[in-house]
Structures are given as structure tokens and as C-alpha cells.
Amino acid sequence: IFAAISGRSIESNEPPGSAEVVLFFWFRIMCSTLALTAAIFVTIVAILEGKTTMFDIMPPVASLGMTLGLWLLIGILEGTHLAVFAAGRLTIEERRYGSTSWSQRSCRILLEEKNEHNLANYMLGRQLCVTAYFFAIARSTTMHVEDEEDNVMGVHDVVQTVFNTGILGAFITTIIASLMWQFLASAFPLTFLATPLTHLLVWVCLLVESTGICQGAWVLATLQKKLFGFRNDEKYIGTAQHRAEMAKE
């Protein structure tokens with residue numbers, strides 16, 4: 001759907017499969033889609049009925065709105081780091097071709113040599129934001145039914161016990177707020193970065209990291225680098241710009 005909207009095509013690197021392989025492929029997609037649809041429906045019903053672990057002071061409608069908003073934010077954050085890494089493999093000219101001013105700004109902030117630490121800073125801030133959002137999502141999507149209350153949609157007690165583990169919320173979040181966006185970002189990195197919201201979240205993550213709350217990660221990473229002798233990829237394969245110039249020669 002995203003490819004159709006953006007006017008881009010998706011090319012597969014896999015050869016055409018046999019009829020059995022194609023049938024099994026679409027059978028799995030159908031099963032996953034049906035399971036996802038059912039999980040979303042049951043979870044929304046539980047949220048609106050107030051049968052989740054969300055705090056009582058939060059109205060059900062507000063809880064649903066917060067959940068949908070957090071799914072969107074997590075998805076963009078999950079996809080942005082893949083899009084940035086994919087853009088980092090391109091030359092400066094390739095990043096400029098066909099991209100918008102927003103994607104160019106994000107790439108300049110995170111990928112230019114004078115801002116060499118910004119990418120790592122962004123990753124630290126991004127991870128803290130994603131982790132915090134996951135905790136909030138878990139609170140709003142994990143079901144909890146009091147002893148005197150009816151089960152969600154009148155399901156059997158055993159089924160309700162499974163629902164109470166939070167498995168439905170984890171299943172939905174994995175697909176809706178993580179994998180889907182990562183697929184999009186890896187296939188269309190510059191298009192994914194070409195929105196003001198993506199650029200704004202880049203700055204939010206850098207701001208979160210600037211508080212210093214995650215600085216311990218630098219210490220542990222430096223120890224590993226010293227211990228195992230890690231070197232930057234550019235030491236082995238050069239930069240994308242250098243490889244492009246070598247190919248021209």
C-alpha cells in the first residue's frame with residue numbers, strides 16, 4: 001500500500017516460486033492478518049471497557065488515543081534508524097537525488113562527518129524513548145479483569161487468562177509498531193525520512209540523549225572497543241563516497 005501511494009515499485013530478489021510455495025506463502029499471510037485483526041479488535045474492546053492495567057484516572061477513550069499515538073511514534077522511531085543506516089550507505093549525491101528538504105536535513109544532522117557523534121547520540125536517545133513507550137503500551141494493552149467483572153467479549157476463563165498475559169498487545173505492537181515500519185524504512189529510506197515528524201523525532205531523541213541519562217552506554221561501548229580492537233567499517237571498505245570514486249576510476 002505504501003509503495004502504491006509513494007509511486008515506488010518493490011522488486012524481489014527471490015526467483016518465482018512454485019504453486020505450492022506461493023500458496024503456502026499467501027496462506028501464512030492470511031492467517032497472520034486474521035490473527036492481527038482479531039487481536040486489534042479484542043484489545044480495543046478491552047481498552048474501551050476499561051479492562052486493562054491502565055491507571056483508573058485515564059478515561060478509556062484517552063487511553064485508546066494514547067495507545068494509537070504511541071504505536072505511531074514507536075513505528076517511526078523503529079523505522080528511522082534503519083532508514084538512516086540505509087541512507088548512510090549512499091553517497092552524498094545519491095542522498096540528494098529524489099529526496100526532500102526534510103530528509104536532507106536529517107541526513108546532514110546524523111551522517112555528515114562534522115556531526116560524527118550525532119548518529120550514536122540519536123541511537124541512545126531513540127532507544128530510551130522506544131523503551132519508555134513500550135512500557136506505556138504494555139500498561140494500556142495488557143488486560144485485567146476483576147473477579148466480579150465479566151470477561152472481555154464473554155470469552156472463557158482460560159482464554160481470558162491468556163489475554164491477561166499481555167500477549168495480544170505484544171503481538172500487535174510487534175507488527176503494527178515495529179516490523180511494518182522497519183520494512184518500509186529499509187525499502188524506502190529517503191522517502192521514510194521525508195516528513196517533518198521524522199525530523200522532529202530526530203531532534204527529540206538527540207535532546208533526550210543530551211540529558212546524560214544514557215552516558216553509561218558510552219563507557220561500556222568504549223571498553224568493548226578497547227578489549228576487542230573494534231575499528232570503524234570505513235577502515236576496511238571505505239566510505240560510500242570513496243567507493244563511488246573508485247568505481248568511476
Side-chain angles (χ1 to χ4, degrees), residues 1-8 54 58 61-141 169 172-218 240:
I1 292 174
F2 184 85
I5 293 175
S6 63
R8 305 288 295 274
M54 177 55 69
M58 178 76 75
V61 175
S63 179
L64 178 59
M66 184 199 73
T67 301
L68 297 177
L70 289 178
W71 276 338
L72 175 63
L73 290 177
I74 292 174
I76 294 177
L77 289 172
E78 287 281 58
T80 300
H81 78 284
L82 286 183
V84 170
F85 281 127
R89 294 195 295 267
L90 305 176
T91 64
I92 297 177
E93 290 75 15
E94 289 172 333
R95 290 202 294 265
R96 290 173 179 170
Y97 176 75
S99 61
T100 68
S101 60
W102 292 111
S103 60
Q104 291 179 21
R105 291 173 186 173
S106 297
C107 289
R108 281 198 300 269
I109 293 171
L110 299 177
L111 299 176
E112 285 190 357
E113 292 185 6
K114 64 180 180 180
N115 301 323
E116 59 178 343
H117 292 299
N118 276 0
L119 180 57
N121 293 341
Y122 164 77
M123 293 299 295
L124 289 177
R126 185 204 73 88
Q127 189 60 50
L128 183 60
C129 289
V130 169
T131 303
Y133 294 160
F134 270 125
F135 273 105
I137 284 288
R139 170 70 69 171
S140 64
T141 59
I172 299 170
T173 304
T174 300
I175 297 178
I176 295 296
S178 183
L179 295 181
M180 177 184 73
W181 298 89
Q182 292 182 23
F183 292 154
L184 291 176
S186 60
F188 312 103
L190 295 181
T191 303
F192 192 89
L193 295 173
T195 65
L197 180 57
T198 303
H199 185 71
L200 175 63
L201 289 177
V202 168
W203 278 109
V204 170
C205 293
L206 290 174
L207 179 63
V208 170
E209 190 279 335
S210 68
T211 63
I213 193 172
C214 295
Q215 292 296 329
W218 282 107

Problem set entry | Counterpart residues, side chain to side chain contact (heavy atoms under 4.5 Å, CB included), relative to Leu207 (two or more places apart) | Ser210
Exercise. Taking all non-hydrogen atoms of both residues, which atom of Cys214 and which atom of Leu128 are closest, and how far apart?
Worked result: SG-CD2, 3.9 Å
Exercise. Which residues satisfy the side chain to side chain contact (heavy atoms under 4.5 Å, CB included) test with Ala217, sequence neighbours excluded?
Worked result: Leu124
Exercise. Out of curiosity, Leu77 CG to Cys205 SG, how far, rounded to the nearest 0.5 Å?
Worked result: 5.0 Å
Problem set entry | Nearest atoms (heavy-atom pairs only) where Ser103 meets Leu190 | CB-O, 3.7 Å
Exercise. Are Thr80 and Leu201 close enough, and set up right, to give a side-chain contact (heavy atoms from CB on, under 4.5 Å), and what steps lead you there?
Worked result: CA-CA 9 Å; Thr80 300; Leu201 289 177; 5.9 Å; no
Problem set entry | Distance (rounded to the nearest 0.5 Å) between Ile175 CD1 and Trp181 CH2 | 14.5 Å
Seminar exercise, completed: Heavy-atom closest pair (Pro189 atom, Ala87 atom, distance to 0.1 Å) is CB-N, 4.4 Å
Seminar exercise, completed: Residue set satisfying ring pair (Phe, Tyr, Trp, His ring centres under 6.0 Å) with Trp102, at least two apart, ordered chain then number -> His199
For this session: Return the set of residues passing side chain to side chain contact (heavy atoms under 4.5 Å, CB included) with Phe85 (not counting sequence neighbours), or none when no residue passes.
Result: His81, Leu119, Met123
For this session: Start with the C-alpha gap between Leu82 and Phe183, add the side-chain angles, then the distance that decides, and say whether side-chain contact (heavy atoms from CB on, under 4.5 Å) holds.
Result: CA-CA 9 Å; Leu82 286 183; Phe183 292 154; over 6 Å; no
Exercise. Can you tell me if Asn118 uses its side chain to pair, donor with acceptor, with the backbone of Ile109 under 3.5 Å?
Worked result: yes
Problem set entry | Set of side chain to side chain contact (heavy atoms under 4.5 Å, CB included) partners for Arg108, sequence neighbours left out | Gln104, Arg105, Glu112
Exercise. Could you state the interatomic distance from CD1 (Ile76) to CG (Leu193), rounded to the nearest 0.5 Å?
Worked result: 11.0 Å
Seminar exercise, completed: For Phe192 and Gly79 the tightest heavy-atom approach is CE2-C, 3.6 Å
For this session: Measure across Glu78 and Ser178 and return the closest heavy-atom pair with its distance rounded to 0.1 Å.
Result: OE2-OG, 3.1 Å
Exercise. Do we see a donor-acceptor contact under 3.5 Å between the side chains of Ser186 and Gln182?
Worked result: no
Run the side-chain donor-acceptor check on residues 62-74: report pairs under 3.5 Å with partners two or more places apart or on a different chain.
residue	atom	partner	partner atom	Å
Thr67	OG1	Ser63	O	2.8
Thr67	OG1	Ser140	OG	2.9
Trp71	NE1	Thr173	OG1	3.1

